[in-house]
Novice: 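Structure incoming, see below.
Reckoned from all heavy atoms, side chains included, excluding hydrogens, waters and symmetry mates.
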Amino acid sequence: QDAYRRAVPPGKSTIVLEPTTGMLVPHEVRWVPGKGRGLFTIKDIKKDVVIWKNIQTAIFTDELFWRRFVSTIPYELACDVHQWAYVSKDEHGETALYLELDDASFTNTPGDDEDVNSKLH
């Protein structure tokens, strides 16, 4: 989050000012053999409970800001960040690069043969 704040001017930033997470439930990040890091809740959650809000989603619409951001973080983290980033349309229908700057970066979309046990909206 700090590297993003240094790379992107305040008027262009899409994350909240204070360092925080959008996770709304108690959780932890764990290593899963054969799959990598994953996000796990540490207590049962009832169906339809909102578990995350995207208050720390960095949206890069300008290549310069993305390059500036990536150049300020350690090489190993930059490799991870390239894997976590995804492309989508912004609120104006323009293509943008998105990156979750909280523990939501450890979530993903399951494959066809896997059970879906959560949905991020």
Side-chain angles (χ1 to χ4, degrees):
Q1 293 172 4
D2 290 337
Y4 175 81
R5 287 187 187 87
R6 287 190 301 273
V8 179
K12 300 280 187 178
S13 178
T14 58
I15 67 173
V16 297
L17 293 176
E18 66 277 355
T20 187
T21 180
M23 295 304 300
L24 304 174
V25 296
H27 66 282
E28 62 188 15
V29 176
R30 290 190 227 146
W31 180 262
V32 179
K35 293 191 180 247
R37 292 171 286 208
L39 188 66
F40 295 84
T41 62
I42 55 176
K43 69 174 196 169
D44 290 340
I45 300 170
K46 294 181 181 179
K47 184 178 178 178
D48 296 326
V49 169
V50 175
I51 63 170
W52 174 75
K53 286 189 175 187
N54 64 338
I55 60 173
Q56 296 295 43
T57 302
I59 304 173
F60 295 90
T61 56
D62 186 315
E63 182 181 345
L64 172 66
F65 297 145
W66 171 253
R67 288 178 179 271
R68 190 182 299 164
F69 168 71
V70 172
S71 71
T72 65
I73 58 179
Y75 176 80
E76 293 80 11
L77 181 57
C79 291
D80 287 340
V81 162
H82 277 89
Q83 290 181 340
W84 300 334
Y86 57 98
V87 175
S88 189
K89 301 278 185 185
D90 67 13
E91 69 272 6
H92 306 293
E94 299 294 322
T95 301
L97 185 69
Y98 288 68
L99 177 65
E100 306 308 333
L101 295 177
D102 62 11
D103 287 344
S105 64
F106 297 109
T107 62
N108 59 27
T109 304
D112 292 336
D113 60 343
E114 297 181 82
D115 292 331
V116 176
N117 63 8
S118 68
K119 292 181 184 177
L120 297 178
H121 297 280

Novice: Checking Ser105 side chain against Trp84 main chain: does a donor-acceptor pair fall under 3.5 Å?
Specialist: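 Answer holds: no.
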Novice: Are Ile45 and Val29 connected in a single hydrophobic cluster, I mean Ile/Leu/Val/Met/Phe/Trp/Tyr linked by side-chain heavy atoms less than 4.5 Å apart?
Specialist: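 In one cluster with Val29: Ile45, yes.
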Novice: Is there a path of hydrophobic side-chain contacts, each under 4.5 Å between heavy atoms of I/L/V/M/F/W/Y residues, joining Ile55 to Trp52?
Specialist: no
Novice: Nearest 0.5 angstrom please: Thr72 OG1 to Arg5 CZ, how far?
Specialist: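 It comes to 12.5 Å.
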Novice: Could you tell me if the side chain of Val70 sits less than 4.5 Å from the side chain of His82, heavy atoms only?
Specialist: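 Yes, close enough: below the 4.5 Å cut-off.
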Novice: Leu39 and Trp31: same hydrophobic cluster, using ILVMFWY side-chain contacts below 4.5 Å?
Specialist: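 No.
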Novice: Aromatic contact between Phe60 and Tyr4, with the criterion being ring centroids under 6.0 Å apart: yes or no?
Specialist: yes
Novice: May I ask you to test the Ile42-His27 pair for a side-chain heavy-atom distance under 4.5 Å?
Specialist: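 No; the side chains remain at least 4.5 Å from each other.
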Novice: Using every non-hydrogen atom in the two residues, find where Ala78 and Ile73 come nearest and quote the distance to one decimal.
Specialist: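 For Ala78 versus Ile73, the nearest heavy atoms are CA-CD1, 3.7 Å.
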Novice: Ignoring hydrogens and geometry, is there a side-chain-to-backbone donor-acceptor pair from Ser13 to Val8 under 3.5 Å?
Specialist: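 Absent.
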Novice: If you take all heavy atoms of Gln1 and Leu101, which pair is closest and at what distance?
Specialist: NE2-O, 2.8 Å
Novice: Would you mind telling me which of Val87, Asn54, Asp90 makes a side chain to side chain contact (heavy atoms under 4.5 Å, CB included) with Tyr98?
Specialist: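 The passing option is Asp90.
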Novice: Can you find a pair of side-chain heavy atoms, one from Val16 and one from Lys53, that are under 4.5 Å apart?
Specialist: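 No, their side chains stay 4.5 Å or more apart.
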Novice: Between CD of Glu94 and NZ of Lys89, what distance do you get to the nearest 0.5 Å?
Specialist: 7.5 Å
Novice: As an exercise, state the distance from CD1 of Ile51 to CG of Asp48, rounded to the nearest 0.5 Å.
Specialist: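 Answer rounded to 0.5 Å: 11.5 Å.
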Novice: Locate the shortest heavy-atom distance separating Ala58 from Ile15; write the atom from each residue and the value.
Specialist: N-CG2, 3.9 Å
Novice: Using side-chain heavy atoms (C-beta onward) and a distance below 4.5 Å, is Glu100 in contact with Phe106?
Specialist: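 No - every pair of side-chain heavy atoms lies 4.5 Å or more apart.
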Novice: Linking I/L/V/M/F/W/Y whenever any side-chain heavy atoms sit under 4.5 Å apart, do Ile59 and Leu97 land together?
Specialist: no
Novice: Using side-chain heavy atoms (C-beta onward) and a distance below 4.5 Å, is Thr20 in contact with Gln56?
Specialist: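 Touching, per the 4.5 Å side-chain cut-off.
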Novice: Going by the rule side-chain contact (heavy atoms from CB on, under 4.5 Å), which residues pair with Arg67 if we only count those two or more places apart in sequence or in a different chain?
Specialist: Glu63
Novice: Hey, any chance Trp66 and Tyr86 share a hydrophobic cluster, counting ILVMFWY side chains that come within less than 4.5 Å of each other, even indirectly?
Specialist: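 Each belongs to a different hydrophobic cluster.
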